[in-house]
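Below: one structure, written as structure tokens.
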Amino acid sequence: MSRTAEPKSPLVIFDTTLRDGEQSPGASMTQDEKVRIAKMLEKMQVDVIEAGFAMASQGDFESVKAVAEAVKDSTICSLSRALDKDIERAAEALAPAEQGRIHTFIATSPIHMQYKLQMSPDQVVEQAVRAVTKARNLVADVEFSCEDAGRSELDFLCRIVEAAIQAGARTINIPDTVGYAIPDQFGDLIRQLIERVPNSDQAIFSVHCHNDLGLAVANSLAAVQQGARQVECTINGLGERAGNAALEEIVMAVRTRQDQLAVETRIDTRHIVPTSRLVSNVTGFAVQPNKAIVGKNAFAHESGIHQDGILKHRETYEIMSAEDVGWQTNAIVLGKHSGRNAFRARLEELGINFASEQELLEAFTLFKQLADKKHEIFDEDLQALVTDTRAAAQADHYRLVTVDVASRTGETPVAQVVMSVEGHEVSGQSAGSGPVDAVFKAIEQQVASGAELELYSVNAITSGTDSQGEVTVRLQRGGRIVNGLGADTDIVIASAKAYINALNALQSRAERTHPQSEGV
Ligand code: KIV
Ligand code: ZN
């Protein structure tokens, strides 16, 4: 007698890389970068993309709007505090969306209500209901979150969740805002909420776990086993402090352990690695080599015993296939003789579209220059080339003109940097402890930014000594942290580009309101 498998419930994948991910210090992204990532997420068939917090600044508003215009196959969401002005702004930004969602939230833990909001529990419930009602008058799809639910009292959570559903919220999100939960306990919280809230059948229960104890994915999966049907997560686990649950780990756990989980996602997993690379490339947050699914070593087998086993039968040591998550190790994609159409087609597959033929032509010229220096061009090279050239194109304040470095054994390196400052060419010269130090000092001689260098890292984009070096420079000034990226086959030039891109970011990024920094 054949047994039919239990039908699986859909698990909604809600990606918040562009909102919570961007709240990582230094991970801020431009509008163009956000649209590029959103297009990749759409391709991956992410159900909901949280594109930002529209109220944070004019730039954030424009970014949510641009994502809502560009993406049609995923729901686009904007975060908003439980405030009329935030909700109105979110609705305005989401107007072009085919499917728009307002995600409104208020803190529900005793510590947040007393010290941050300075409101009584009754006032918090009232504010939540008012916010959900207001949002429902503007869009059909409303999500309500109980910030710091992980440290909230169960009775109060039941009360506010019931009221929010009554007011029209269709998704109820239970965040472990400070990453305090333990899997069994968090799963139990979700089970009890679903059991005890009388109208729980009228909403999808969602979880949003932070990784302060390294348990974000485990807590999210425990919640799914107890009935949660939406998981909020980010690419590479990017997010506030220790980050959020990693999308790639949630999706692959669900796919690989169908025997344990009664859910399935719509995700096209082959886009996971290219998207991870794009996010890393745009934010300058490198992926650790041993990171599950997307780390360089995730599918590498070093020991002879493992290699032997893999060759005899892959499943001896592998529970997933590298190709299923989009690893195409160093597949040569383009070369010196590739034409413009091949270049355009490959970039489109990587989620990169050009606004005009002129922009395509400029990128193609740079590609040809790169192909002259490096005859095998990989996807990673193309992504770095586009990120680098777009950052340079948007750099309206500082621009690199030339770098000249003299470095010899036993002698102090000296650098001369010519750059343009608001259209005027200036030049500086400095010695340094190494060529990069000399270049940074020569730049600072001209700009006197007063910024502190918080991080300098170089990463070889591909293998081989002709690889492009991808440099990240993190600068801090007055508490504001920005990243600059630069790529070149010459790492000294890549470093100069990264430093100048970081200076431009410091110059241009306006003040923003942090969604969780203020009470209502
Ligand atoms: O961590 C958190 O509580 C959040 C909410 C705003 C959903 O990011
Ligand atoms: Zn969060």
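Both ligands and their constituent atoms are indexed starting at 1 by order of listing.
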query: Got E249 and K291 here, is their nearest side-chain heavy-atom distance under 4.5 Å?
result: yes
query: With distance as the sole criterion, is a donor-acceptor pair present between the side chains of S276 and N236 under 3.5 Å?
result: yes
task: Go through the steps to decide whether Q230 and T171 satisfy the test side chain to side chain contact (heavy atoms under 4.5 Å, CB included), and finish with yes or no.
output: CA-CA 8 Å; Q230 173 176 289; T171 302; 3.8 Å; yes
Between R255 and T269, a side-chain donor and acceptor under 3.5 Å: yes
Any R277 side-chain heavy atom under 4.5 Å of N281 side chain: no
- request: Return the set of protein N, O or S atoms whose distance to the Zn ion (ligand 2) is under 2.8 Å, each given as residue and atom.
  value: D20 OD2, H208 NE2, H210 NE2
Shortest non-hydrogen separation from I165 to S200 and the atoms involved: CD1-CA, 4.1 Å
- prompt: Atom OG in S80, atom NZ in K85: separation rounded to 0.5 Å?
  reply: 11.5 Å
- request: Look up atom CG in L238 and atom CG in N211, then write down how far apart they are to the nearest 0.5 Å.
  value: 11.5 Å
- prompt: So, Q23 versus Q516: side-chain donor-acceptor pair below 3.5 Å or not?
  reply: yes
List, pair by pair, the atoms of ligand 1 and of the protein that are both N or O and lie under 3.5 Å apart, giving the separation rounded to 0.1 Å.
unit_1	atom_1	unit_2	atom_2	d
ligand 1	1 (O)	H208	NE2	3.2
ligand 1	1 (O)	H210	NE2	3.0
ligand 1	3 (O)	T177	OG1	2.6
ligand 1	8 (O)	R19	NH1	3.3
ligand 1	8 (O)	R19	NH2	3.0
ligand 1	8 (O)	D20	OD2	3.0
ligand 1	8 (O)	H208	NE2	3.1

